[in-house]
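Labels below follow one simple rule: chain letters A, B, ... track the order of the sequence lines, proteins then strands, and each chain is numbered from 1.
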2 protein chains.
Amino acid sequence: MPTEPLSRRRIVAAAIGLIEREGADAISMRRIAADLGVGVMSLYNHVPSKDVLLDGVAEAVLSKIEFTDDPDAHWTDRVRLQARAFRQIAHHYPRSLMVVVSRQLHSAAGLLPVERALATLRSAGFGGADAVRILRMFIAYIVGSLLREVGVTPTFAPVHTRMIKADSVDAALFPEVSSLAPLLDECDHEAEFEFGLELLIQAIVAHSARSR
Amino acid sequence: MPTEPLSRRRIVAAAIGLIEREGADAISMRRIAADLGVGVMSLYNHVPSKDVLLDGVAEAVLSKIEFTDDPDAHWTDRVRLQARAFRQIAHHYPRSLMVVVSRQLHSAAGLLPVERALATLRSAGFGGADAVRILRMFIAYIVGSLLREVGVTPTFAPVHTRMIKADSVDAALFPEVSSLAPLLDECDHEAEFEFGLELLIQAIVAHSARSR
DNA sequence: ACCTGAACACCGTTCAAGT
DNA sequence: ACCTGAACACCGTTCAAGT
């Protein structure tokens, strides 16, 4: 059986598959090569280093976001759709998210979402400086939300009811955390995301009305 | 010279020092041991694994946040101060931030910020469910902002004027990005952080006024 | 041009041996 | 109880050799 020839594209795809199957920690040049049925060093004919390969993973995941846009819709609806499209990463490539978020890309690959968002905001009448600031705020919120969703940041909402019960959290020292433990324990990610998204959009609307 | 005995505390401190000096990638049990002047395996008398050690790093960094609070101040001012205290991490431990944010803590160490924030929101009259939702939104925004600040997420605002000039970004395909490149290129982190923080706080105020 | 195995300088961790 | 070196099963990458 004549296997498809090795290529950067195939290597990146294999890397993403491995990450999603076994987690980002499991990734190694040797594992990827084994998955592709080639020697380790063959990879280096198409990719200069593991670091650059991970950049490729980040780019590939970003480029797979499916944006649907209706240029005639109100800008708030367009922003909503773009934010939700972005959130799909958390569902389609949950274990790759940390790689996406932790790589500083130097290519144009991750630029399409930025271009779309800026175009939307500018068409809504925002000036360049405002558009950039607003975009940055949305990105911060979305990235932070996805990290929570993917289970990587419960640093900041880590209380499990079981911890209270096990007395590993002192109810006297943390009264609010203790009494709200059931609420902290559960999280409807979509509802939380939409709540914050709506609040942000309303805040922008109010802000631009004020400064008019 | 009688060196202080090895301890979990000293090992964590050495790890943080190493991360801040050489970056999170440079960290290894062997490097930490060398920095402490002991054999690698000595570490394992105080720490069960590298993973748990990194949890310790995250906890230690979080526990170093200096909160100042005035219970008599308006809740919006208290939230502002807490958010800014959190942001100090990005300045004091920039290279450790990724570790802090990527560790799922199972201890009570990271709980103080959560407790304080919940107490503040509840004292402002928010119900438990609202307090938790609002807290989650702030945390998402803050975490996302710090990741940008620390240079780890320019995935989403990566355009440097130099890229445009070097034609590595096609001005025809990315007109907004190209024309706004100078704005995307620079970022006053404090101003951006404050802009979004203020917007969020105003949004919460408006939201709670609406639902009253 | 593409593939490869051997080799090098690293890892984290187990284990048995020391005090 | 604490420390340790040797050993094991891994890493990423260089290099020289193959086609």
Side-chain angles (χ1 to χ4, degrees), chain A residues 1-60 95-96 98-100 102-106, chain B residues 1-60 95-96 98-100 102-106:
Chain A
M1 44 178 183
T3 33
E4 201 183 339
L6 211 49
S7 68
R8 187 192 146 98
R9 221 184 30 73
R10 276 191 72 211
I11 295 172
V12 168
I16 294 177
L18 182 57
I19 292 175
E20 291 305 326
R21 252 180 294 118
E22 308 196 19
D25 287 343
I27 209 183
S28 80
M29 297 302 272
R30 292 170 130 103
R31 285 293 314 269
I32 296 168
D35 281 12
L36 289 167
V38 300
V40 205
M41 292 317 299
S42 304
L43 303 182
Y44 287 86
N45 292 307
H46 304 90
V47 155
S49 69
K50 187 188 182 183
D51 242 43
V52 172
L53 171 54
L54 290 178
D55 286 343
V57 167
E59 288 168 20
R95 309 181 89 169
S96 300
M98 208 61 205
V99 176
V100 176
S102 64
R103 295 267 122 194
Q104 173 156 1
L105 300 187
H106 295 287
Chain B
M1 46 179 182
T3 34
E4 200 182 339
L6 211 49
S7 68
R8 187 192 146 98
R9 219 183 32 72
R10 277 191 72 210
I11 294 172
V12 169
I16 294 177
L18 182 56
I19 292 174
E20 291 304 326
R21 252 179 295 117
E22 308 197 19
D25 287 342
I27 209 183
S28 81
M29 298 301 273
R30 290 171 131 103
R31 286 291 315 268
I32 296 168
D35 281 12
L36 289 166
V38 300
V40 205
M41 292 318 299
S42 305
L43 303 181
Y44 287 85
N45 291 306
H46 304 90
V47 155
S49 69
K50 187 188 184 185
D51 242 43
V52 172
L53 171 54
L54 289 177
D55 285 345
V57 167
E59 289 170 17
R95 309 181 90 170
S96 300
M98 207 61 203
V99 175
V100 176
S102 65
R103 294 266 124 196
Q104 172 156 0
L105 299 186
H106 296 286

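Checking side-chain atoms of B:Arg30 against main-chain N and O of B:Val40 turns up no donor-acceptor pair under 3.5 Å. At distances below 3.5 Å, at least one donor-acceptor pair connects side-chain atoms of A:Arg103 with backbone N or O atoms of A:Asp51. Under a 3.5 Å cut-off, the side chain of B:His46 and the backbone N or O of B:Leu6 do form a donor-acceptor pair.
Base engagement by B:Val40 is indicated by at least one non-hydrogen atom pair under 4.0 Å involving a base atom. In this structure, B:Met41 reaches the bases: a heavy-atom distance under 4.0 Å links it to at least one base atom across the strands shown.
Nearest nucleotide to the side chain of B:Ser28, out of D:dC3, C:dC11, C:dT4: C:dC11.
Between C:dT14 and B:Tyr44, no contact under 4.0 Å exists linking OP1 or OP2 to a side-chain N or O. Distances shorter than 4.0 Å separate some side-chain N or O of B:His46 from OP1 or OP2 on D:dC3.
Taking a pair to require two hydrogen-bonding distances under 3.5 Å in either a Watson-Crick or a G-U wobble arrangement, C:dA1 pairs with D:dT19. Pairing for D:dA6 goes to C:dT14, judged as Watson-Crick or G-U wobble with the two contacts each under 3.5 Å.
At a threshold of 4.5 Å between non-hydrogen side-chain atoms, the residues A:Arg8 and A:Val52 count as touching. Side-chain contact between B:Leu53 and B:Ile27 is absent, with no heavy-atom pair separated by less than 4.5 Å.
Looking at which nucleotide of DNA chain C each of A:Ser42 and B:Ile27 is closest to, the 5′-most match is held by A:Ser42.
In this structure, A:Asp25 places its CG atom 13 Å from C1' of C:dG12, rounding to the nearest Å. For A:Lys50 and D:dT13, the NZ to C1' distance is 12 Å, given to the nearest whole Å. Look at CG on A:Leu43: it is 13 Å from P on D:dC11, rounded to the nearest Å. Nucleotide D:dT13 holds its C1' atom 9 Å from the CZ atom of A:Arg30, rounded to whole Å. The CD1-C1' distance, from A:Ile32 to D:dG12, rounds to 11 Å in whole Å. Residue B:Met29 contributes atom CE, which lies 16 Å from atom P of D:dG5 at whole-angstrom precision. The CG-C1' distance, from B:Asn45 to C:dA17, rounds to 14 Å in whole Å. Rounded to whole Å, the distance from CG on A:Asp51 to P on D:dC11 is 17 Å.
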